[in-house]
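Side chains are part of it too, since the values below use all heavy atoms of this structure and drop only hydrogens, waters and symmetry mates. Note that the coordinates shown come from a computational prediction; the quantities given were computed from them, not determined experimentally. Indexing begins at 1, ligand by ligand and atom by atom, following the structure's order.
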Amino acid sequence: MKIYMNGKLVPENKATVSVFDHGLLYGDGVFEGIRSYNGRVFMLDEHVARLYRSAKAIALEIPMSQPEMAAAVVKTCKANQCLNGYIRLVVTRGVGTLGLNPFTCKTPQVIIIAAAIQLYPQELYEKGLKIVTVGTIRNHTESVNPMIKSLNYLNNILAKIEAINAGTVEAIMLNHAGTVAEATGDNIFAVSGKKLFTPPASSGALVGITRNVVMDLARQRGLEVSEPTMTRYDLYTADEVFLTGTAAEIIGVGEIDRRLIGDGKPGPVTRALAETFHKFACESGTPIR
Ligand code: PXG
């Protein structure tokens, strides 16, 4: 595998970072997870734009333009023939001193990995996920805003540990006010009749690229889409609940905290949206060749 490191494609075993990189020392950096489908990078410009917004929010200046970054992603995919894969784009603060001050780091480290994608087993898509609410609350928007896709994922990892301890694969995270934020690596949606709901960013959710596409596709199908503050009651009593994310796409939720959602299987709206989404993903995107 060839890894993009600051403008060069280098062999995997040469793709190393310093132990003084603040990305390692403090989780100081930002990232993106992107998919390629059928030789095209899905929603590339949107992912690059979000990366730059995350960087802006942490006062990290990426030493290349957004079009240059997009071109670097395509080049890395091409070099690895990553035509149906997963792309990890990472920008760290770079090498600095052993102290918090980020401004001792002079050069951010830009890394692009184009690899195979790890998917949830197909069985889970058919049966629906059983998930739980966990005790770890989502970061407050004025601590580390969940809008920032930062290298500091401990908040999510602590929640994921609780989910795994409970025998499940995903967790619902609430915020400091007790309302629903998102899952550890996915956004959450509820369907009631012809209405589709998802918590707003202000509740502590990342504005997912998949989330945005799903909201558009749902509107095109005649669903009324809104972003209200949501409680667990809204999830427990919904007709359908599903999660969205780059890796998962759209996955139905059959059970939350031992309450069956609908009849406990992915519902018709979830299945229709999942199909429409997958088709859209396979037909759009920035060509790699
Ligand atoms: N919330 C969080 C906290 C995320 O990390 C999403 C929502 C969904 O956003 P997108 O833009 O992907 O629709 C994410 C994305 C992984 C992995 O390896 C995680 C994400 C993306 C890609 C891979 O677990 N999280």
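Note: the hydrophobic cluster containing Phe280 also contains Phe189 (ILVMFWY, side chain heavy atoms under 4.5 Å, direct or indirect links).
Atoms of ligand 1 found under 4.0 Å from any heavy atom of Thr184, numbered from 1 in the order shown, are 3 (C). Contact atoms of ligand 1 toward Tyr153: 2 (C), 3 (C), 4 (C), 5 (O) (distance under 4.0 Å to a heavy atom of the residue). Short contacts between ligand 1 and Gly208, defined as distances under 4.0 Å to a heavy atom of the residue, involve ligand atoms 9 (O), 10 (P), 11 (O), 13 (O). Every atom of ligand 1 with a heavy atom of Glu182 under 4.0 Å away is listed here by number and element: 1 (N), 2 (C), 3 (C), 7 (C). If you number the atoms of ligand 1 from 1 as listed, the ones under 4.0 Å from a heavy atom of Thr246 come out as 10 (P), 11 (O), 12 (O), 13 (O). In summary, the atoms of ligand 1 found under 4.0 Å from a heavy atom of Asn187, numbered by their order in the structure, are 7 (C), 8 (C). Contact atoms of ligand 1 toward Asn156: 3 (C) (distance under 4.0 Å to a heavy atom of the residue).
Only the side chain of Leu206 comes within 4.0 Å of ligand 1, counting heavy atoms alone; its backbone N, CA, C and O stay farther away.
For atom 16 (C) of ligand 1, the closest non-hydrogen atom of the protein is Arg88 NH2, 4.2 Å. When only non-hydrogen protein atoms are considered, atom 23 (C) of ligand 1 lies nearest to Tyr86 OH, 2.9 Å. For atom 14 (C) of ligand 1, the nearest protein heavy atom (residue, atom name, distance) is Gly185 O, 3.3 Å. For atom 13 (O) of ligand 1, the nearest protein heavy atom (residue, atom name, distance) is Thr210 OG1, 2.6 Å.
With hydrogens and angles left out, the side-chain atoms of Thr276 and Arg221 include a donor and acceptor closer than 3.5 Å. If you check the side chains of Glu240 and Thr270, you find a donor sitting under 3.5 Å from an acceptor. In this structure, a donor-acceptor pair under 3.5 Å is present between the side chains of Thr179 and Asn175.
Distance screen at 4.0 Å: atom 5 (O) of ligand 1 has a protein heavy-atom neighbour inside the cut-off.
Contact annotation: the side chain of Val214 approaches that of Phe242 to within less than 4.5 Å [non-hydrogen atoms, C-beta and beyond].
At least one heavy atom of Arg50 sits less than 4.0 Å from an atom of ligand 1.
Using a cut-off of 4.0 Å between Lys/Arg side-chain N and Asp/Glu carboxylate O, Glu182 and Arg211 are scored as not salt-bridged. Between Asp257 and Arg232, at least one side-chain nitrogen of the basic residue sits less than 4.0 Å from a carboxylate oxygen of the acidic one, meeting the salt-bridge criterion. In summary, Glu32 and Arg88 do not engage in a salt bridge, as defined by a charged side-chain N under 4.0 Å from a carboxylate O.
Of the listed residues (Arg35, Lys149, Arg138), the one carrying the non-hydrogen atom nearest atom 21 (C) of ligand 1 is Lys149.
The cationic group of Arg35 does not satisfy the cation-pi geometry with Phe42, failing either the under 6.0 Å distance to the six-membered ring centre or the 45° limit from the ring axis.
Residue contacts with ligand 1: Val207 is placed with no nitrogen or oxygen under 3.5 Å of a nitrogen or oxygen of the ligand (distance criterion only).
Ser54 places a side-chain N or O within donor-acceptor distance of the main-chain N or O of Arg50, the cut-off being under 3.5 Å.
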